[in-house]
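Data first, discussion second: the structure below is written as structure tokens.
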Amino acid sequence: MNIEMIETLKKLENVQVVAVSKTRTKEEIDEVAKLGLTTFGENKVQEFVEKYDPKYKWHIIGHLQTNKVKYIVGKVDVIESLDSVKLAKEIEKQASKHNVIQECYVQIKISNDENKTGLPIEDAILFLKECEAFPHIKITGLMCVASNTEEESIVINEFDQMNELFKLVKKMYPDMHYLSMGMSDDYLLALEHGSNTIRIGSSIFGKRNYQK
């Protein structure tokens, strides 16, 4: 547990810090919460369900399959990985069933890495218009995962593209408040280039625990 890092993150003004708790135990999550960070991010639905505690705020930050949506709507605070109309339809179905408004961020594929998921940036405006048909979905942000590279100029360019898109859609959608980009290795760069939501894992918890 990096207490110094947690104290540094708590001092950031107007920044939402999501403590990425994948592979972490419920006990570790509770310890971080005692130190003042109470928003957690999970990649996998199964891990979210196992660790879910309603006194914390939860984000699903990993790729979400439609058959998993039913397990999280009504419990998770934000789905950060909305990236298709098919997924939006399922979220709308489950949110309507539970009579809730599900907050979501649209995940944009900003990197050329084939392993990264998300909506192509050129399709973002059209997708947002399509989502207007879903009254139980409230889109409040955009999310991306930058390239895993030591070439800082590549990451800066990706962050700047996202920031330009964010500024554009903010003018169109008054509920658009959050730009989620930046993780343990690049969060300072992300903040410099417009991010107001960062997803921090290893810098808070230490090296990952790998499942057996």
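- One finds the CD1 atom of Ile60 at 11.0 Å from the NZ atom of Lys68 (value rounded to the nearest 0.5 Å).
- The shortest non-hydrogen separation linking Ala190 to Gly182 is CB-CA, 3.5 Å.
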Please tabulate, for side-chain N and O atoms in residues 112-124, each donor-acceptor pair with protein atoms closer than 3.5 Å (sequence neighbours left out).
from: Asp113; atom 1: OD1; to: Asn115; atom 2: N; distance (Å): 2.8
from: Asp113; atom 1: OD2; to: Lys116; atom 2: NZ; distance (Å): 3.2

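- Looking at Ile91 and Cys104, their side chains come closer than 4.5 Å, going by heavy atoms from C-beta outward.
- The minimum heavy-atom distance linking Phe127 with Val85 is given by the pair CE1-N, 3.5 Å.
- For Lys51 (side chain) and Ile29 (main-chain N/O), no donor-acceptor pair under 3.5 Å exists by modelled atom type.
- Partner of His193 under the side chain to side chain donor-acceptor pair (under 3.5 Å) criterion, out of Asn163, Asp160, Asp186: Asp160 alone.
- Annotation for Lys86: atom NZ does not count as buried by contact number, only 12 or fewer foreign heavy atoms lying within 6.0 Å.
- Partner of Ser180 under the side chain to side chain donor-acceptor pair (under 3.5 Å) criterion, chosen from Gln16, Glu80, Gln107: Glu80.
- The backbone N or O of Gly62 sits less than 3.5 Å from a side-chain atom of Ser81, completing a donor-acceptor pair.
- Taking the side chain as every heavy atom from C-beta outward, Leu189 and Glu192 approach each other to under 4.5 Å.
- A side-chain donor-acceptor contact under 3.5 Å links Asn196 to the backbone of Leu179.
- Tyr105 and Val100 are members of different hydrophobic clusters when ILVMFWY side chains are connected at heavy-atom separations under 4.5 Å.
- Proximity of Thr38 to Lys57: side-chain heavy atoms (C-beta onward) are nowhere separated by under 4.5 Å.
- When the shell of 6.0 Å around CD of Gln46 is examined, it contains 12 or fewer heavy atoms from other residues, nucleotides or ligands.
- Judged purely by atom type and a 3.5 angstrom limit, Lys10 uses its side chain to pair as donor or acceptor with the backbone of Leu35.
- The two atoms that bring Phe205 and Ser21 nearest to each other are CE1-CA, 4.0 Å, heavy atoms only.
- More than 12 heavy-atom neighbours from other residues, nucleotides or ligands sit within 6.0 angstrom of CG on Asn157.
- Contact annotation: the side chain of Val145 approaches that of Arg199 to within less than 4.5 Å [non-hydrogen atoms, C-beta and beyond].
- The existence of a salt bridge linking Asp30 and Lys26 is confirmed by a sub-4.0 Å separation between a basic side-chain nitrogen and an acidic carboxylate oxygen.
- Clustering ILVMFWY residues whenever any of their side-chain heavy atoms sit less than 4.5 angstrom apart, transitively, puts Met183 in a cluster other than the one holding Leu188.
- Within the 4.5 Å cutoff, the side chain of Leu82 has no heavy atoms near those of the Met143 side chain.
- The shortest distance between side-chain heavy atoms of Ile125 and Leu168 falls below 4.5 Å.
- Separating the CD1 atom in Ile61 from the NZ atom in Lys22 is a distance of 5.5 Å, to the nearest 0.5 Å.
- Between the side chain of Glu90 and the main chain of Asn67, no donor-acceptor pair closer than 3.5 Å is present.
- Note that the CZ atom of Phe159 and the SG atom of Cys144 stand 6.0 Å from one another [nearest 0.5 Å].
- With Ser84 contributing its side chain and Leu87 its backbone, the two residues share a donor-acceptor pair below 3.5 Å.
- In this structure, Ala133 and Pro135 approach most closely via the heavy-atom pair O-CD, 3.2 Å.
- To the nearest 0.5 Å, atoms OG (Ser203) and CD1 (Ile6) are separated by 10.5 Å.
- Counting only heavy atoms from C-beta outward, the side chains of Leu9 and Ile198 approach each other to under 4.5 Å.
- Under the 4.5 Å side-chain heavy-atom criterion for Ile, Leu, Val, Met, Phe, Trp and Tyr, Val17 and Met181 are members of the same hydrophobic cluster.
- What you find for Tyr187 and Met5 is that their closest heavy atoms are OH-CE, 3.2 Å.
- Counting only residues at least two apart or on different chains, the side-chain hydrogen bond (donor to acceptor under 3.5 Å, both in side chains) pairs with a member in residues 128-151 are Glu92-His136, Glu103-Thr140, Ser111-Ser147, Glu132-Tyr173, Ser147-Glu158.
- One finds the CD1 atom of Ile79 at 5.5 Å from the CG atom of Leu64 (value rounded to the nearest 0.5 Å).
- For Lys109, the NZ atom sits in a packed shell: over 12 heavy atoms of surrounding residues, nucleotides or ligands are nearer than 6.0 Å.
- Taking 4.5 Å as the limit, some side-chain heavy atom of His63 sits within range of a side-chain heavy atom of Asp83.
- Between atom CG of residue Asn2 and atom CD of residue Glu7 there is a gap of 10.5 Å, rounded to the nearest 0.5 Å.
- Listed by first and then second residue, the ring pair (Phe, Tyr, Trp, His ring centres under 6.0 Å) pairs involving residues 18-49 are Phe40-Tyr56, Phe40-Trp58, Phe48-Tyr52, Phe48-Trp58 (not counting sequence neighbours).
- Hydrophobic clustering (ILVMFWY, side-chain heavy atoms < 4.5 Å, transitive): Ile110 and Leu128 are in one cluster.
- For the side chain to side chain contact (heavy atoms under 4.5 Å, CB included) criterion with Val169, the lone passing option out of Val106, Leu142, Ile139 is Leu142.
- Applying the 6.0 Å contact sphere to NZ of Lys97 captures no more than 12 heavy atoms from other residues, nucleotides or ligands.
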